[in-house]
Protein chains: 2
Amino acid sequence: MKIGELAKRSGLTAHTIRYYERIGLLPYADRDRSSRRDYDASILVWIEFLGRLKTTGMPIRDMLLYAELRDRGSGTEAERRALLERHRESVRAHVDELNACLLVLDTKIGGYAETEQRMKDYDATLPERRRKPVGARSPRTR
Amino acid sequence: MKIGELAKRSGLTAHTIRYYERIGLLPYADRDRSSRRDYDASILVWIEFLGRLKTTGMPIRDMLLYAELRDRGSGTEAERRALLERHRESVRAHVDELNACLLVLDTKIGGYAETEQRMKDYDATLPERRRKPVGARSPRTR
DNA sequence: CTACGAGTTCGAGCGCACTCTAAGTCAAGA
DNA sequence: TCTTGACTTAGAGTGCGCTCGAACTCGTAG
(Lines give C-alpha, C1' and ligand atoms only; values in the text may rest on other atoms or scores of the structure.)
Protein backbone atom coordinates (compact mmCIF):
# COMPACT_ATOMS: atom_id res chain seq x y z
CA MET A 1 0.00 0.00 0.00
CA LYS A 2 1.33 3.40 -1.01
CA ILE A 3 1.13 6.45 1.19
CA GLY A 4 -1.87 7.88 -0.67
CA GLU A 5 -3.85 4.75 -0.12
CA LEU A 6 -2.85 4.61 3.52
CA ALA A 7 -3.86 8.24 3.90
CA LYS A 8 -7.30 7.43 2.54
CA ARG A 9 -7.71 4.41 4.78
CA SER A 10 -6.34 5.93 7.94
CA GLY A 11 -7.88 9.35 7.72
CA LEU A 12 -4.48 11.00 8.13
CA THR A 13 -2.98 13.06 5.34
CA ALA A 14 0.15 11.84 3.56
CA HIS A 15 1.90 14.85 5.07
CA THR A 16 0.94 13.78 8.55
CA ILE A 17 1.99 10.19 7.92
CA ARG A 18 5.45 11.37 6.85
CA TYR A 19 5.55 13.68 9.85
CA TYR A 20 4.68 10.81 12.18
CA GLU A 21 7.39 8.68 10.63
CA ARG A 22 9.87 11.52 10.97
CA ILE A 23 9.24 11.91 14.68
CA GLY A 24 9.13 8.17 15.29
CA LEU A 25 5.43 7.61 15.91
CA LEU A 26 5.27 5.39 12.87
CA PRO A 27 8.06 2.94 12.05
CA TYR A 28 10.38 3.80 9.19
CA ALA A 29 8.49 2.33 6.25
CA ASP A 30 10.10 0.06 3.70
CA ARG A 31 10.58 1.78 0.35
CA ASP A 32 10.13 0.23 -3.06
CA ARG A 33 12.93 0.49 -5.64
CA SER A 34 11.93 4.08 -6.37
CA SER A 35 12.13 4.94 -2.67
CA ARG A 36 8.41 5.16 -2.16
CA ARG A 37 6.92 4.01 1.11
CA ASP A 38 5.16 0.69 0.83
CA TYR A 39 2.90 -0.19 3.72
CA ASP A 40 1.52 -3.39 5.09
CA ALA A 41 -2.14 -3.20 6.10
CA SER A 42 -1.16 -4.00 9.67
CA ILE A 43 0.05 -0.45 10.12
CA LEU A 44 -3.62 0.60 10.15
CA VAL A 45 -4.14 -1.08 13.51
CA TRP A 46 -1.33 0.92 15.01
CA ILE A 47 -2.54 4.17 13.47
CA GLU A 48 -6.01 3.52 14.79
CA PHE A 49 -4.65 2.97 18.25
CA LEU A 50 -2.62 6.16 18.02
CA GLY A 51 -5.86 7.86 17.07
CA ARG A 52 -7.46 6.66 20.28
CA LEU A 53 -4.58 7.96 22.30
CA LYS A 54 -4.82 11.27 20.50
CA THR A 55 -8.59 11.50 20.95
CA THR A 56 -8.12 10.94 24.64
CA GLY A 57 -5.65 13.79 24.79
CA MET A 58 -2.35 11.96 25.10
CA PRO A 59 0.46 14.27 24.02
CA ILE A 60 2.70 13.04 21.24
CA ARG A 61 5.69 12.76 23.53
CA ASP A 62 3.86 10.11 25.57
CA MET A 63 2.78 8.25 22.46
CA LEU A 64 6.44 8.28 21.47
CA LEU A 65 7.36 6.77 24.79
CA TYR A 66 4.82 4.03 24.27
CA ALA A 67 6.00 3.48 20.70
CA GLU A 68 9.58 3.16 21.88
CA LEU A 69 8.65 0.60 24.51
CA ARG A 70 6.74 -1.30 21.87
CA ASP A 71 9.76 -1.25 19.60
CA ARG A 72 11.97 -2.56 22.38
CA GLY A 73 9.57 -5.48 22.48
CA SER A 74 9.24 -8.02 25.24
CA GLY A 75 10.32 -7.02 28.66
CA THR A 76 8.59 -3.66 28.39
CA GLU A 77 5.05 -4.92 28.87
CA ALA A 78 4.77 -3.87 32.49
CA GLU A 79 5.93 -0.38 31.66
CA ARG A 80 3.60 -0.10 28.70
CA ARG A 81 0.75 -1.31 30.81
CA ALA A 82 1.56 1.18 33.52
CA LEU A 83 1.68 3.96 30.95
CA LEU A 84 -1.75 3.03 29.65
CA GLU A 85 -3.14 2.67 33.14
CA ARG A 86 -1.94 6.11 34.09
CA HIS A 87 -3.42 7.46 30.92
CA ARG A 88 -6.70 5.68 31.54
CA GLU A 89 -6.91 7.32 34.94
CA SER A 90 -6.35 10.75 33.49
CA VAL A 91 -9.00 10.12 30.85
CA ARG A 92 -11.47 8.98 33.48
CA ALA A 93 -10.74 12.06 35.53
CA HIS A 94 -11.26 14.22 32.48
CA VAL A 95 -14.56 12.51 31.68
CA ASP A 96 -15.71 13.22 35.23
CA GLU A 97 -14.72 16.83 34.82
CA LEU A 98 -16.58 17.06 31.53
CA ASN A 99 -19.68 15.58 33.10
CA ALA A 100 -19.49 18.15 35.86
CA CYS A 101 -19.21 20.88 33.24
CA LEU A 102 -22.20 19.43 31.43
CA LEU A 103 -24.28 19.87 34.56
CA VAL A 104 -23.24 23.50 34.74
CA LEU A 105 -24.10 23.92 31.06
CA ASP A 106 -27.49 22.35 31.66
CA THR A 107 -28.14 24.81 34.45
CA LYS A 108 -27.01 27.75 32.36
CA ILE A 109 -29.10 26.68 29.41
CA GLY A 110 -32.03 26.11 31.75
CA GLY A 111 -31.58 29.70 32.91
CA TYR A 112 -31.95 30.97 29.37
CA ALA A 113 -35.03 28.82 28.92
CA GLU A 114 -36.59 30.54 31.92
CA THR A 115 -35.64 33.95 30.62
CA GLU A 116 -37.23 33.17 27.30
CA GLN A 117 -40.32 31.87 29.08
CA ARG A 118 -40.58 35.06 31.08
CA MET A 119 -40.27 37.02 27.87
CA LYS A 120 -43.01 34.98 26.26
CA ASP A 121 -45.23 35.43 29.32
CA TYR A 122 -44.59 39.15 29.20
CA ASP A 123 -45.35 39.27 25.49
CA ALA A 124 -48.59 37.44 26.19
CA THR A 125 -49.71 40.30 28.45
CA LEU A 126 -49.27 42.81 25.67
CA PRO A 127 -52.37 44.15 23.93
CA GLU A 128 -53.48 42.23 20.86
CA ARG A 129 -51.13 43.32 18.13
CA ARG A 130 -48.51 41.86 15.82
CA ARG A 131 -45.70 41.02 18.20
CA LYS A 132 -42.03 41.00 17.36
CA PRO A 133 -41.22 37.31 17.00
CA VAL A 134 -38.81 36.39 19.77
CA GLY A 135 -35.73 34.36 19.01
CA ALA A 136 -37.02 33.55 15.55
CA ARG A 137 -33.82 34.20 13.65
CA SER A 138 -31.55 31.22 13.11
CA PRO A 139 -28.64 31.42 15.49
CA ARG A 140 -26.18 29.97 12.96
CA THR A 141 -23.03 32.03 13.03
CA ARG A 142 -19.78 31.35 11.14
CA MET B 1 -9.05 43.59 43.95
CA LYS B 2 -5.73 44.03 42.15
CA ILE B 3 -4.58 41.75 39.37
CA GLY B 4 -2.25 39.75 41.63
CA GLU B 5 -5.07 38.96 44.00
CA LEU B 6 -7.38 38.03 41.15
CA ALA B 7 -4.67 35.79 39.72
CA LYS B 8 -4.43 33.97 43.04
CA ARG B 9 -8.17 33.58 43.33
CA SER B 10 -8.88 32.62 39.76
CA GLY B 11 -5.94 30.35 39.13
CA LEU B 12 -4.95 32.32 36.06
CA THR B 13 -1.68 34.20 35.93
CA ALA B 14 -1.64 37.98 35.81
CA HIS B 15 -0.16 37.63 32.33
CA THR B 16 -3.09 35.52 31.22
CA ILE B 17 -5.61 37.88 32.75
CA ARG B 18 -4.11 40.77 30.78
CA TYR B 19 -4.06 38.61 27.68
CA TYR B 20 -7.74 37.75 28.13
CA GLU B 21 -8.59 41.40 28.55
CA ARG B 22 -6.55 42.25 25.46
CA ILE B 23 -8.44 39.81 23.29
CA GLY B 24 -11.80 40.70 24.78
CA LEU B 25 -12.54 37.63 26.86
CA LEU B 26 -12.49 39.75 30.00
CA PRO B 27 -14.04 43.20 30.06
CA TYR B 28 -11.71 46.17 30.10
CA ALA B 29 -11.08 46.59 33.80
CA ASP B 30 -11.46 49.89 35.57
CA ARG B 31 -8.09 51.35 36.61
CA ASP B 32 -7.29 53.17 39.80
CA ARG B 33 -5.65 56.57 39.63
CA SER B 34 -2.29 55.00 38.92
CA SER B 35 -3.78 53.00 36.04
CA ARG B 36 -3.83 49.68 37.82
CA ARG B 37 -6.65 47.29 37.18
CA ASP B 38 -9.11 47.11 40.04
CA TYR B 39 -11.49 44.18 39.95
CA ASP B 40 -14.84 43.50 41.47
CA ALA B 41 -15.20 39.99 42.90
CA SER B 42 -18.01 39.32 40.44
CA ILE B 43 -15.44 38.86 37.69
CA LEU B 44 -14.55 35.56 39.34
CA VAL B 45 -17.89 34.06 38.33
CA TRP B 46 -17.24 34.91 34.71
CA ILE B 47 -13.69 33.57 34.83
CA GLU B 48 -14.94 30.37 36.36
CA PHE B 49 -17.47 29.96 33.60
CA LEU B 50 -14.80 30.62 31.00
CA GLY B 51 -12.80 27.89 32.69
CA ARG B 52 -15.67 25.47 32.18
CA LEU B 53 -15.88 26.35 28.53
CA LYS B 54 -12.16 25.90 28.23
CA THR B 55 -12.16 22.58 30.06
CA THR B 56 -14.82 21.36 27.69
CA GLY B 57 -12.67 22.31 24.73
CA MET B 58 -14.37 25.42 23.47
CA PRO B 59 -11.95 27.43 21.36
CA ILE B 60 -11.32 30.99 22.43
CA ARG B 61 -12.98 32.39 19.31
CA ASP B 62 -16.28 30.84 20.39
CA MET B 63 -15.89 32.10 23.93
CA LEU B 64 -15.35 35.51 22.39
CA LEU B 65 -18.55 35.17 20.45
CA TYR B 66 -20.40 34.32 23.64
CA ALA B 67 -18.73 37.19 25.48
CA GLU B 68 -19.75 39.61 22.75
CA LEU B 69 -23.36 38.45 22.88
CA ARG B 70 -23.28 38.84 26.63
CA ASP B 71 -21.95 42.36 26.27
CA ARG B 72 -24.68 43.24 23.82
CA GLY B 73 -27.08 42.26 26.59
CA SER B 74 -30.74 41.50 26.25
CA GLY B 75 -32.00 40.36 22.91
CA THR B 76 -29.10 37.97 22.48
CA GLU B 77 -30.33 35.30 24.88
CA ALA B 78 -31.63 32.95 22.22
CA GLU B 79 -28.35 33.12 20.37
CA ARG B 80 -26.32 32.57 23.52
CA ARG B 81 -28.51 29.69 24.43
CA ALA B 82 -28.12 28.16 20.99
CA LEU B 83 -24.36 28.55 21.23
CA LEU B 84 -24.28 26.76 24.56
CA GLU B 85 -26.63 24.06 23.31
CA ARG B 86 -24.43 23.38 20.32
CA HIS B 87 -21.43 23.27 22.57
CA ARG B 88 -23.18 20.93 24.97
CA GLU B 89 -23.87 18.57 22.12
CA SER B 90 -20.26 18.54 21.05
CA VAL B 91 -19.15 17.92 24.63
CA ARG B 92 -21.60 15.04 24.95
CA ALA B 93 -20.33 13.57 21.71
CA HIS B 94 -16.79 13.91 22.94
CA VAL B 95 -17.62 12.22 26.23
CA ASP B 96 -19.12 9.33 24.30
CA GLU B 97 -16.00 9.10 22.22
CA LEU B 98 -13.84 9.12 25.32
CA ASN B 99 -15.89 6.37 26.86
CA ALA B 100 -15.47 4.28 23.74
CA CYS B 101 -11.72 4.86 23.92
CA LEU B 102 -11.77 3.85 27.58
CA LEU B 103 -13.23 0.50 26.57
CA VAL B 104 -10.41 0.02 24.08
CA LEU B 105 -7.90 0.96 26.74
CA ASP B 106 -9.45 -1.52 29.14
CA THR B 107 -9.10 -4.24 26.54
CA LYS B 108 -5.52 -3.30 25.78
CA ILE B 109 -4.59 -3.19 29.43
CA GLY B 110 -6.37 -6.48 29.93
CA GLY B 111 -4.20 -7.92 27.19
CA TYR B 112 -1.07 -6.93 29.06
CA ALA B 113 -2.47 -8.48 32.21
CA GLU B 114 -2.85 -11.77 30.35
CA THR B 115 0.65 -11.54 28.94
CA GLU B 116 2.02 -10.95 32.38
CA GLN B 117 -0.02 -13.86 33.69
CA ARG B 118 1.35 -16.13 30.95
CA MET B 119 4.82 -14.98 31.87
CA LYS B 120 4.19 -15.77 35.51
CA ASP B 121 2.79 -19.17 34.58
CA TYR B 122 5.80 -19.81 32.42
CA ASP B 123 8.15 -18.71 35.17
CA ALA B 124 6.36 -21.08 37.51
CA THR B 125 7.30 -23.99 35.28
CA LEU B 126 10.96 -23.13 35.55
CA PRO B 127 13.17 -25.21 37.82
CA GLU B 128 13.39 -23.97 41.37
CA ARG B 129 15.80 -21.08 41.28
CA ARG B 130 15.91 -17.39 42.05
CA ARG B 131 13.78 -15.90 39.30
CA LYS B 132 14.10 -12.46 37.83
CA PRO B 133 11.28 -10.48 39.45
CA VAL B 134 8.84 -9.52 36.74
CA GLY B 135 7.50 -6.00 36.53
CA ALA B 136 8.77 -5.24 40.01
CA ARG B 137 10.28 -1.87 39.26
CA SER B 138 8.08 1.17 39.80
CA PRO B 139 6.84 2.31 36.41
CA ARG B 140 7.04 6.00 37.23
CA THR B 141 8.53 7.82 34.28
CA ARG B 142 8.94 11.56 33.75
C1' DC C 1 15.06 59.80 50.32
C1' DT C 2 15.46 55.47 48.71
C1' DA C 3 14.49 50.89 47.76
C1' DC C 4 11.18 47.49 46.84
C1' DG C 5 7.47 45.15 45.03
C1' DA C 6 3.57 45.13 42.43
C1' DG C 7 1.76 46.92 38.86
C1' DT C 8 1.80 49.01 33.64
C1' DT C 9 2.33 48.53 28.12
C1' DC C 10 4.05 46.59 24.00
C1' DG C 11 5.75 43.19 21.54
C1' DA C 12 8.44 39.06 20.99
C1' DG C 13 8.87 34.10 21.90
C1' DC C 14 7.32 29.38 22.80
C1' DG C 15 5.45 24.54 22.51
C1' DC C 16 2.46 21.79 20.18
C1' DA C 17 0.81 19.41 16.27
C1' DC C 18 0.54 19.71 12.21
C1' DT C 19 0.50 21.75 7.22
C1' DC C 20 2.40 23.31 3.31
C1' DT C 21 5.93 24.61 -0.33
C1' DA C 22 9.60 23.89 -3.51
C1' DA C 23 12.18 21.30 -6.29
C1' DG C 24 12.97 17.07 -7.81
C1' DT C 25 12.09 11.69 -9.18
C1' DC C 26 9.75 8.10 -11.31
C1' DA C 27 6.35 4.85 -13.72
C1' DA C 28 2.64 4.21 -16.54
C1' DG C 29 -0.62 5.62 -20.15
C1' DA C 30 -1.79 8.38 -24.63
C1' DT D 1 8.31 10.38 -26.58
C1' DC D 2 5.75 13.22 -23.70
C1' DT D 3 2.75 14.18 -20.04
C1' DT D 4 0.56 13.35 -15.87
C1' DG D 5 0.29 12.56 -11.25
C1' DA D 6 1.68 10.35 -7.25
C1' DC D 7 5.43 10.23 -4.88
C1' DT D 8 10.25 11.97 -2.58
C1' DT D 9 13.09 15.27 0.72
C1' DA D 10 14.24 19.29 3.54
C1' DG D 11 12.71 22.87 5.59
C1' DA D 12 9.56 26.83 6.29
C1' DG D 13 5.02 28.39 7.84
C1' DT D 14 0.55 28.25 10.55
C1' DG D 15 -2.81 28.65 14.34
C1' DC D 16 -3.62 28.26 18.95
C1' DG D 17 -3.14 29.67 23.59
C1' DC D 18 -0.55 31.35 26.21
C1' DT D 19 4.08 33.07 28.42
C1' DC D 20 7.70 35.96 28.98
C1' DG D 21 10.89 40.04 28.78
C1' DA D 22 12.04 44.88 28.74
C1' DA D 23 11.49 49.16 30.24
C1' DC D 24 8.86 51.90 32.87
C1' DT D 25 5.61 53.90 36.89
C1' DC D 26 3.71 53.99 41.39
C1' DG D 27 2.83 53.79 46.44
C1' DT D 28 4.51 52.47 50.66
C1' DA D 29 7.89 50.81 54.38
C1' DG D 30 12.25 51.65 56.41
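Letters A, B, ... mirror the listed sequences (proteins, then strands); counts begin at 1.
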Trainee: Is there a path of hydrophobic side-chain contacts, each under 4.5 Å between heavy atoms, that joins Met63(B) and Leu69(B)?
Mentor: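 No, because Met63(B) and Leu69(B) fall into different hydrophobic clusters, even though each may have its own neighbours under 4.5 Å.
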Trainee: Run Leu26(A) and Leu50(A) through side chain to side chain contact (heavy atoms under 4.5 Å, CB included) and show every step you take.
Mentor: CA-CA 9 Å; Leu26(A) 292 179; Leu50(A) 287 178; 4.0 Å; yes
Trainee: Are a donor atom and an acceptor atom from the side chains of Arg72(A) and Thr76(A) found within less than 3.5 Å of each other?
Mentor: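 Note: Arg72(A) and Thr76(A) side chains miss the donor-acceptor criterion.
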Trainee: When you measure from the side chain of Thr16(A) to the backbone N and O of Leu12(A), does any donor-acceptor pair fall under 3.5 Å?
Mentor: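 Judged by distance alone, no pair lies under 3.5 Å.
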Trainee: Which atom names give the shortest non-hydrogen contact between Cys101(B) and Arg52(A), and what distance separates them?
Mentor: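 Heavy atoms of Cys101(B) and Arg52(A) come nearest at SG-CD, 3.7 Å.
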Trainee: Compare every heavy atom of Ala41(B) with every heavy atom of Met1(B), then report the nearest pair and how far apart it is.
Mentor: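 Minimum heavy-atom separation between Met1(B) and Ala41(B): CE-CA, 3.6 Å.
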Trainee: Would Lys108(A) pass as a cation-pi partner of Phe49(B), given that its NZ or CZ must be under 6.0 Å from the six-membered ring centre and within 45 degrees of the axis?
Mentor: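 Yes, a cation-pi geometry holds between Lys108(A) and Phe49(B).
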Trainee: Taking all heavy atoms of Leu6(A) and all of Ile43(A), pick out the closest pair and write down the distance.
Mentor: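 In this case the closest contact between Leu6(A) and Ile43(A) is CD1-CG2, 3.6 Å.
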Trainee: Considering only heavy atoms, which members of residues 87-102 of chain A lie under 4.0 Å from some atom of DNA chain D?
Mentor: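 None, since no heavy atom is under 4.0 Å.
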Trainee: Please report the distance, rounded to the nearest Å, between CD1 in Ile3(A) and C1' in dT25(C).
Mentor: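 Those two atoms, CD1 and C1', are 15 Å apart.
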Trainee: Are more than 12 heavy atoms, taken from residues, nucleotides or ligands other than Asp32(A), located less than 6.0 Å from that residue's CG atom?
Mentor: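 Enclosed.
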Trainee: For Ile60(A) versus Tyr19(A), what's the shortest heavy-atom pair and its separation?
Mentor: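 In terms of heavy atoms, the two residues are closest at CD1-OH, 4.1 Å.
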Trainee: Near DNA chain D, which residues from residues 29-37 of chain A have a heavy atom under 4.0 Å away?
Mentor: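 DNA chain D contact set from residues 29-37 of chain A: Arg31(A), Ser35(A), Arg36(A), Arg37(A).
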Trainee: How would you give the extent of chain B contacts on DNA chain D, as first and last nucleotide 5' to 3' within a 4.0 Å heavy-atom cut-off?
Mentor: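 That gives a stretch of dC16(D) to dG27(D).
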Trainee: How long is the line joining CD1 of Ile60(A) and P of dT19(C), in whole Å?
Mentor: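 The distance from CD1 of Ile60(A) to P of dT19(C) comes to 10 Å, rounded to the nearest Å.
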Trainee: Rounded to whole Å, how long is the line connecting atom CG of Asp62(A) with atom C1' of dG15(C)?
Mentor: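 In whole Å, dG15(C) C1' and Asp62(A) CG are 14 Å from each other.
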Trainee: Applying ring-ring contact (aromatic ring centres under 6.0 Å, His included), name anything that partners Tyr112(A), two or more places apart in sequence or on another chain.
Mentor: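 Residues passing ring-ring contact (aromatic ring centres under 6.0 Å, His included) with Tyr112(A): none at all.
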Trainee: Can you pull out the residues from residues 12-28 of chain B that lie within a 4.0 Å heavy-atom distance of DNA chain D?
Mentor: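 The stretch gives His15(B), Thr16(B), Tyr19(B), Tyr20(B), Arg22(B) as the residues lying under 4.0 Å from the strand, ordered by number.
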Trainee: Walk me through it: do Arg31(A) and Glu21(A) pass the test salt bridge (charged side-chain N to carboxylate O under 4.0 Å, His left out)?
Mentor: CA-CA 13 Å; Arg31(A) 315 295 158 115; Glu21(A) 178 183 301; 2.3 Å; yes
Trainee: Taking all atoms of both residues into account, what is the closest heavy-atom pair of Ala14(A) and Ala7(A), and its distance?
Mentor: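 Closest approach of Ala14(A) to Ala7(A), heavy atoms only: N-CB, 3.8 Å.
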Trainee: Could you list by number each residue of residues 40-59 of chain A showing a heavy-atom separation from DNA chain D of less than 4.0 Å, or answer none if no residue does?
Mentor: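 Output list: empty, so none.
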Trainee: Let me see the working for Arg81(A) and Glu77(A) under salt bridge (charged side-chain N to carboxylate O under 4.0 Å, His left out), right down to the final yes or no.
Mentor: CA-CA 6 Å; Arg81(A) 183 188 179 182; Glu77(A) 289 85 356; over 6 Å; no
Trainee: Which atom pair, heavy atoms only, marks the closest approach of Leu25(B) to Leu64(B)?
Mentor: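 Where Leu25(B) meets Leu64(B) most closely, the heavy atoms are N-CD2, 3.8 Å.
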